[in-house]
> 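Please read through the structure below; I'll follow up with questions.
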Amino acid sequence: MVPPGEANIRSYTMGAVGWPVATHDGEATILHADLDAFYASVEQLLDPTLRGRAIAVGGSVVLAASYEARATGVRAGMAGWRARQLCPGIRFVGGHFEEYQRHGDRVMDVLRDFTPWVERVSIDEAFLDVAGAIHLFGDPSEIATAVRRRVRREIGLPLSVGVARTKHLAKIASQVAKPDGQVTVRPLDERAFLDPLPVELMWGVGPSTQRRLAAAGIRTIGDLAAAPGASLERLLGRAVGSHLSQLAVNVDPRRIEAPRRAASVGAQAALGQREASPELVRVTLAYLADRVTGRLRGAGRAGRTVTVRVRFGDLRSVTRSVTVPVAVGTTLTVTELAADLARDALADHPEQRHVTLLAVSVSNLVEQGELQMELPLELDEERHRSGSPQGAACWSVDRSLDAVRARFGRSSIDYAAVRFSGAARVPDAFRELAERDPS
DNA sequence: TCTGGGGTCCTAGGACCC
DNA sequence: TCTGGGGTCCTAGGACCC
């Protein structure tokens with residue numbers, strides 16, 4: 001491994017070193033800090049026998065892979081059998097999900113020692129604006145070095161940092177710096193740094209956009225910057241086209257932001273290839289609705305729109321959604337709405353015999369006081385006549401179940417109808433980690 | 001033997017209102 | 001009787017990100 005902090009520091013400087021920075025606006029004070037192969041690195045930290053070895057977190061699917069494993073082509077999201085094929089010596093570890101959260105939080109605490117302007121974007125990644133910290137800790141490159149040294153010494157994890165004038169540039173710089181390095185892009189060297197890089201390093205360029213750009217002969221960020229904005233908008237649509245052409249010429253107005261509340265809450269379950277029986281669909285949706293509404297209730301929220309996604313045997317998927325006049329948040333109501341939507345989706349595709357995934361999400365969220373409860377009878381008189389319990393009763397039953405689970409664990413109690421027999425491909429602890437607000 | 005789980009944003013058509 | 005223009009909300013799908 002690279003010694004802490006000292007090695008692997010690069011600076012993209014074309015002319016004389018230390019040219020004065022053009023304007024205050026133009027200073028490179030944004031840092032993007034990104035932990036390397038995060039889950040795998042934590043495992044290697046916890047178990048020294050794993051260090052230097054090809055390891056993956058997961059089992060049937062790779063959730064994260066160490067750099068040693070990545071060298072053989074193993075990637076996150078890959079099926080476990082495929083990873084073993086590519087890397088016969090790979091060692092799979094179950095995953096200490098609580099430890100990931102704890103280590104991620106500790107790293108963020110270190111970052112906040114340098115500046116309060118920290119925008120955490122995920123468990124293992126954050127932007128910083130260090131403009132106000134220079135007089136305390138030195139120039140931004142020195143701050144990057146100090147941050148990496150502290151994270152390495154105090155926590156034991158490798159961290160890569162990009163330093164630049166904008167978030168977009170800093171993010172690209174940290175990707176270029178990996179693993180365990182840092183890259184500073186001086187304002188005068190931005191073009192020289194970006195032009196040769198492949199377009200897919202840009203924020204917002206995924207497989208689809210990359211294909212379309214390649215078809216138009218655009219492969220590098222330099223190609224993109226040279227292309228007329230109007231032609232990009234024709235090629236990619238107005239929003240994506242103008243966004244990319246701005247980023248390519250280094251216009252990125254994004255600032256470091258405070259965390260926002262989530263706009264939607266969802267859950268999904270991959271099922272393998274299963275026959276789309278009404279029982280399977282019902283039981284799975286009930287499980288998902290229960291997860292989603294439990295989180296909503298915990299946050300004191302409820303939502304007016306319920307969306308269901310059904311992915312079929314051929315991996316194509318459809319979504320159906322409905323917006324109701326009163327925000328809903330009980331397990332039973334969301335289950336009912338989701339079941340109706342799934343029934344419609346399946347009825348629209350009678351040729352599809354199998355489902356491979358079901359998802360439920362609730363959006364159009366509102367704050368929900370404990371006293372303010374949904375009234376399902378207003379939503380659907382048919383259901384009311386059929387004898388469904390009233391909203392208040394649903395809500396209080398759900399809150400009781402939530403309380404039991406908080407004390408004894410989530411599997412301690414369930415609606416009888418909610419027992420989820422579907423293939424749980426991923427541990428509950430991983431779901432809970434992914435759920436967490438990064439703030 | 002096709003690929004987990006949790007999110008955001010954009011587009012486009014239609015309904016509806018003024 | 002036919003017509004305009006603008007705005008908001010809803011739905012479905014797609015692309016992208018970590």
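From a predicted model like this one, the values you see are computed outputs, not experimental measurements. Chain A is the first sequence line, chain B the second, and so forth, proteins listed ahead of strands; every chain is numbered from 1. In what follows, every heavy atom counts, from backbone to side chain, and hydrogens, waters and symmetry copies are set aside.
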> Would you mind telling me which of B/dG6, B/dT3, C/dT11 lies closest to the side-chain atoms of A/S321?
C/dT11

> Starting from P on B/dG6, measure out to CG on A/L433 and report it in whole angstrom.
11 Å

> OP1 or OP2 of C/dC10 less than 4.0 angstrom from a side-chain nitrogen or oxygen of A/R304, does that happen here?
yes

> Rounded off to whole Å, could you give me the CG-to-C1' distance for the A/D314 and B/dT1 pair?
16 Å

> Is there a donor-acceptor contact under 3.5 Å linking the side chains of A/T184 and A/S141?
yes

> Would you indicate which nucleotide in B/dT1, B/dG6, B/dG4 comes nearest to any side-chain atom of A/W81?
B/dT1

> Regarding A/V265, tell me which of base, sugar-phosphate or nothing describes its non-hydrogen contacts under 4.0 Å with the strands shown.
sugar-phosphate

> Report yes if at least one side-chain N or O of A/T319 is closer than 4.0 Å to OP1 or OP2 of C/dA12; otherwise report no.
no

> Nearest-nucleotide wise, let me know which of A/M78 and A/R238 is further upstream toward the 5' end of DNA chain B.
A/M78

> How close do A/V360 and A/A338 get, heavy atom to heavy atom, and via which atoms?
CG2-CB, 4.2 Å

> Identify whether any heavy atom of A/A359 sits under 4.0 Å from a base atom; if not, whether one sits that close to sugar-phosphate; answer base, sugar-phosphate or nothing.
nothing

> Could you check how far NE2 of A/H168 sits from C1' of C/dC17, rounded to whole Å?
13 Å

> Starting at atom CG of A/L358, determine the distance to atom P of B/dG5, rounded to an integer number of angstrom.
11 Å

> Would one find a side-chain N or O of A/K167 under 4.0 angstrom from OP1 or OP2 of C/dC17?
no

> Any ion pair linking A/R301 and A/E367 (charged N to carboxylate O, less than 4.0 Å)?
yes

> Report the distance from atom NE2 of A/H243 to atom P of B/dC9, rounded to the nearest whole Å.
12 Å

> For the pair made of CD in A/E125 and C1' in C/dC18, what is the distance, rounded to whole Å?
7 Å

> Can you tell me how far C1' in C/dG4 sits from the matching atom in B/dC17, rounded to whole Å?
15 Å

> Given that A/L315 and A/V240 both sit by DNA chain B, which one's nearest nucleotide is further toward the 5' end?
A/L315

> Please determine if a side-chain N or O atom of A/T209 lies less than 4.0 Å away from the OP1 or OP2 oxygen of C/dC16.
yes

> Give a yes/no answer on whether the side chain of A/R431 brings an N or O atom under 4.0 Å of OP1 or OP2 in B/dG6.
yes

> Hey, is A/K178 close enough to A/D36 for a salt bridge, meaning N to O under 4.0 Å?
yes

> To the nearest Å, give me how far apart CG (A/L247) and P (B/dC9) are.
16 Å

> Quick one: the dot-bracket string of DNA chain B, using Watson-Crick and G-U wobble pairs with both distances under 3.5 Å, [ ] for crossing pairs and | for bases paired to another strand.
....||||||||||||||

> Quick one: does A/R91's side chain have a donor or acceptor within less than 3.5 Å of a partner on A/I55's backbone?
no

> With heavy-atom distances below 4.5 Å as the criterion, would you say the side chains of A/R75 and A/L86 are in contact?
no

> Is the distance from OP1 or OP2 of B/dG4 to the nearest side-chain N or O of A/R82 less than 4.0 Å?
no

> Less than 4.0 angstrom between a side-chain N/O of A/S208 and OP1 or OP2 of C/dA15, yes or no?
yes

> Go nucleotide by nucleotide along DNA chain C from the 5' end; which of A/V322 and A/R212 gets its closest nucleotide reached first?
A/V322

> Distance check needed: B/dC2 P versus A/F312 CZ, whole Å only.
18 Å

> Would you indicate, yes or no, if B/dT8 has its OP1 or OP2 atom less than 4.0 angstrom from a side-chain nitrogen or oxygen of A/R260?
no

> How would you label the contact of A/A76 with the nucleic acid (heavy atoms, under 4.0 Å): base, sugar-phosphate, or nothing?
nothing

> Is it the case that the side chains of A/E99 and A/Y39 hold a donor-acceptor pair, with the cut-off being a distance below 3.5 Å and no angle test?
no

> Decide side chain to side chain contact (heavy atoms under 4.5 Å, CB included) for A/L346 and A/F312; before the verdict, give the C-alpha distance in whole Å, the side-chain angles of both, and the deciding distance to 0.1 Å.
CA-CA 9 Å; A/L346 291 165; A/F312 297 110; 3.8 Å; yes

> Tell me yes or no: between the side chains of A/R304 and A/T323, is some donor less than 3.5 Å from an acceptor?
no

> At under 4.0 Å, does any side-chain N or O of A/R311 touch on OP1 or OP2 of B/dG4?
yes

> Would you tell me if any nitrogen or oxygen in the side chain of A/T307 comes within less than 4.0 Å of OP1 or OP2 on C/dA12?
no

